[in-house]
Amino acid sequence: MIEFISDLGFIFSYAIPVMIALMLVSLGGLFSERSGVINIALDGIMIMGGFIGALLVLYVGRPLGMPTQLMVLMALIGGAVVGMLFSAAHAFAAIHMNSNQIISATALNLFAPALAVFTARTIGGTERINITDTYRMNIPLLQDIPVLGTLFFERAFLSTFIGIATLIIVTFIFYKTRLGLRLRSVGENPQAAESLGIDVYKMRYIGVMTSGFLAGLGGATYLISFDNRFNGDFLGLGFLALAILISGQWKPIRLFVFALIFALLRVLANLHDSIGVLSNVALPSEIYRLMPYLFTLIILAFFSKESQAPQALGDAYDQEKR
Amino acid sequence: MNWILNFIAKKPSSINVISSVLAIVMGLVFGLILMLIVNPSNALLGFWTILTGPLSDMRNIGFLIFYSTPIILTGLSVAFAFRTGLFNIGATGQLTMGAFFGLYVGVNWTFLGPLHWLVAILAAALGGAIWGGITGVLKAYRNVNEVVSSIMLNYVALYLVNLLILTTIYGGRSEALRPAASARLPVLFLDSIFPRSPINIGIFIALIVAAVLHVILNYTTFGYELKSVGLSRSSAKYAGIKEKRSIVMSFLIAGAIAGIAGGVMYLVGDRTFRINEQLLEQGFTGIAIALLGLSSPIGVVLAGLFYGSILRGGDAAQRIFREEIIDIIIAVIIYFSALSLFTKQVISNIVRKRTDKDVDLPEKEGDVG
């Protein structure tokens with residue numbers, strides 16, 4: 001039993017940062033898709049956020065000798081802001097140009113890793129940007145709370161608190177504010193929303209660019225708290241966030257639950273050998289890795305007929321179509 | 001300038017070709033600007049090398065063709081799906097499955113003798129078809145959006161094939177195992193024309209597939225049925241077409257073609273399947289190629305050769321610029337082809353103003369909006 005609890009603590013110390021990153025990116029997807037714009041560019045935006053975060057740590061934070069947590073904050077904000085600017089390219093194509101949203105997003109997904117690797121190799125000669133360091137911190141007093149203290153406040157990441165705060169803020173915005181109501185309405189029925197005086201274009205720009213901000217933040221989070229050696233991509237984590245968005249049926253709290261489940265699978269793929277119970281089962285790590293995608297497929301197969309997807313998702317807004 | 005405008009006014013369908021060319025030009029310009037920023041003194045030389053290097057001798061042309069082959073095939077896969085109103089973003093997963101089936105036969109079934117490579121290619125097609133078929137069945141019978149399901153299937157394929165290759169093919173043996181000599185695509189006489197290049201008959205396979213698709217889409221009832229389902233599922237059903245079966249058929253065929261691409265890629269002597277966690281990019285570049293080739297088989301072949309050319313150009317310019325510059329250029333080209341609707345409107349407005357003739361934007365059949 002004691003071994004089990006220590007295993008659990010061990011797993012969660014890795015799973016929580018991954019969960020936070022996944023949740024941030026899928027909350028980003030939520031903003032875009034609830035406003036009616038498909039965003040499969042999450043992966044590319046996330047890579048952009050991580051890439052900028054790595055550059056900021058290596059070429060700004062360290063040379064200036066910034067304190068660690070300030071540097072982390074700078075990397076997170078920088079990643080988020082650049083993610084937002086990057087997503088504007090998708091927003092412009094999808095909202096103003098009536099472009100095929102899958103294609104413009106695919107372009108972003110290809111662009112981000114290419115730019116990251118190109119820049120890294122041009123600057124440093126190798127595609128790897130290594131920012132290995134310990135960015136964890138102990139929160140005084142709170143870390144002494146039994147169980148919870150160990151899980152959340154001992155050797156914790158700044159991004160974890162930012163992530164939890166973001167979840168609360170996003171849920172509030174979505175269900176308790178006018179902005180949230182308007183965002184949801186342009187994703188369900190843009191023509192009706194327009195007839196009530198809502199600016200559909202503006203709302204969708206807000207949706208997509210907020211999604212870019214959160215996906216960039218998620219990318220920088222993942223870089224700082226889980227994968228310090230940036231290689232030009234995050235192994236399709238943005239698509240995993242998309243899977244969470246779908247499995248969670250476009251609802252913030254459910255995203256949190258699925259982000260946790262999928263993050264656990266993700267870290268178990270790396271850790272299962274060192275955990276007593278699981279090393280006996282000896283499942284290959286590939287099984288853990290493909291599980292979230294398979295699970296999402298099964299969800300889709302059973303629930304697509306009554307899917308909760310926003311009604312106008314993927315439709316270019318045409319004012320004349322009423 | 002005026003003759004171009006008059007030409008467009010007379011032949012509105014040329015607007016599609018022009019918007020493709022413009023997308024390519026924009027991509028190249030973006031690449032050039034980036035090169036000028038990074039390394040101004042060598043930028044023009046590098047740019048020139050990317051454009052002309054691949055055509056400098058027969059060996060380079062051999063490489064160009066070798067690089068183009070799988071991309072032409074994935075481009076055909078995506079284009080075929082487009083024409084039948086479906087978006088096949090799953091080409092990379094189908095390609096990966098095809099690679100596994102092809103390699104499994106290519107490594108293990110050495111008893112096949114001279115037909116070995118052919119059976120291996122057919123196995124690759126089967127693998128791709130199965131994977132594409134899943135997307136088709138989910139779409140037709142469970143109403144699952146094909147884009148979302150194929151993104152998920154891409155990753156399932158990636159991890160599943162990694163596992164399958166490690167256990168059933170490499171299984172304790174060397175990780176760099178290549179298919180048996182009899183399973184490698186024959187070179188025939190091609191090495192005497194393109195000396196010291198990896199070229200093989202893969203390009204002929206791609207051309208045959210392109211020709212078959214051209215015939216199916218344009219001259220058969222079957223192709224007509226598939227396209228009409230793409231235009232309107234309900235009208236096709238009303239006209240007596242089994243629309244669910246058609247959707248599954250489209251995805252089986254698209255998947256098979258992407259599967260062949262996987263076979264063509266790995267049934268060679270000098271490329272081994274690497275176990276890693278990245279989707280094979282050839283599936284995604286297929287989307288670009290299908291767009292640039294305007295979803296027509298002939299256009300796809302031309303666009304694929306262009307892509308192979310700048311890919312080889314990237315090799316040639318490597319000493320000056322990192323080869324990822326090519327990926328950046330391709331991404332920008334895709335972005336601008338996504339804007340093609342806008343580009344076309346701008347062109348037709350210019351033509352209307354200058355020539356006082358109305359230009360109807362050509363409707364592309366089965367265009368996925």
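What you see is a predicted model, and the numbers here were worked out from it, not measured in a lab. Residue numbers begin at 1 in each chain, while the letters A, B, ... track the order of the sequences.
Between chain B and the residues A:L290, A:L300, A:T296, the largest count of heavy-atom pairs under 4.5 Å involves A:L290. Heavy-atom pairs under 4.5 Å with chain B were tallied for A:N98, A:T106, A:I102; the largest tally goes to A:I102. Options B:I329, B:V148, B:N162 differ in how many heavy-atom pairs under 4.5 Å they form with chain A, and the most are formed by B:V148. Between chain B and the options A:D233, A:L294, A:L108, heavy-atom pairs under 4.5 Å are most frequent for A:D233. The candidate with the highest count of non-hydrogen atom pairs below 4.5 Å against chain A, out of B:L138, B:I287, B:I325, is B:I325. For the options A:N109, A:I38, A:T119, A:L115, heavy-atom pairs under 4.5 Å to chain B are most numerous at A:L115.
Looking at A:A89, the atoms closer than 4.5 Å to chain B (heavy atoms on both sides) sit in the backbone and in the side chain alike. Both the backbone and the side chain of B:E277 come within contact range of chain A, each with at least one heavy atom under 4.5 Å from a heavy atom of that chain. Contact of A:I287 with chain B is made through the side chain alone, with heavy-atom distances under 4.5 Å. For a residue to count as touching a neighbouring chain, one of its non-hydrogen atoms must lie under 4.5 Å from one of that chain's; by this rule B:Y141 touches chain A with the backbone only. With a 4.5 Å cut-off on non-hydrogen atoms, B:E323 touches chain A through its side chain but not through its backbone. Within the 4.5 angstrom heavy-atom criterion, only side-chain atoms of B:I89, from C-beta onward, approach chain A. For a residue to count as touching a neighbouring chain, one of its non-hydrogen atoms must lie under 4.5 Å from one of that chain's; by this rule B:L34 touches chain A with the side chain only. Looking at B:V144, the atoms closer than 4.5 Å to chain A (heavy atoms on both sides) sit in the backbone and in the side chain alike. Interface residue B:V147: only side-chain heavy atoms are found under 4.5 Å from chain A.
The ring of B:Y335 has its center no closer than 6.0 angstrom to the ring center of A:F111.
Judged by distance alone, the side chain of B:T49 and the main-chain N or O of B:A317 form no donor-acceptor pair under 3.5 Å. For A:R34 (side chain) and A:W250 (main-chain N/O), a donor-acceptor pair under 3.5 Å exists by modelled atom type.
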Requested in this report: Could you please spell out the steps behind the side-chain contact (heavy atoms from CB on, under 4.5 Å) verdict for A:F239 and A:F234?
Outcome: CA-CA 10 Å; A:F239 289 105; A:F234 291 133; over 6 Å; no
Query - Verdict with supporting geometry, B:F273 and B:Y170, side-chain contact (heavy atoms from CB on, under 4.5 Å) - result: CA-CA 10 Å; B:F273 191 94; B:Y170 291 165; 3.6 Å; yes
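Ring-plane geometry between A:F262 and A:F258 is classed as perpendicular, the angle between the planes exceeding 60 degrees on a 0 to 90 degree scale with a lower cut at 30. Note on ring orientation: taking the six-membered ring where Trp is involved, the planes of A:H96 and A:Y205 are tilted (angle from 30° to 60°).
Partner B:Q94 forms a side chain to side chain donor-acceptor pair (under 3.5 Å) with one of B:N154, B:T135, B:N88 and no other, that one being B:N88.
Enclosure of atom CE in A:M97 by more than 12 non-hydrogen atoms of other residues, nucleotides or ligands within 6.0 angstrom is indicated.
In summary, the side chains of B:N16 and B:K344 do present a donor paired with an acceptor at a separation below 3.5 Å, with no hydrogens or angles considered.
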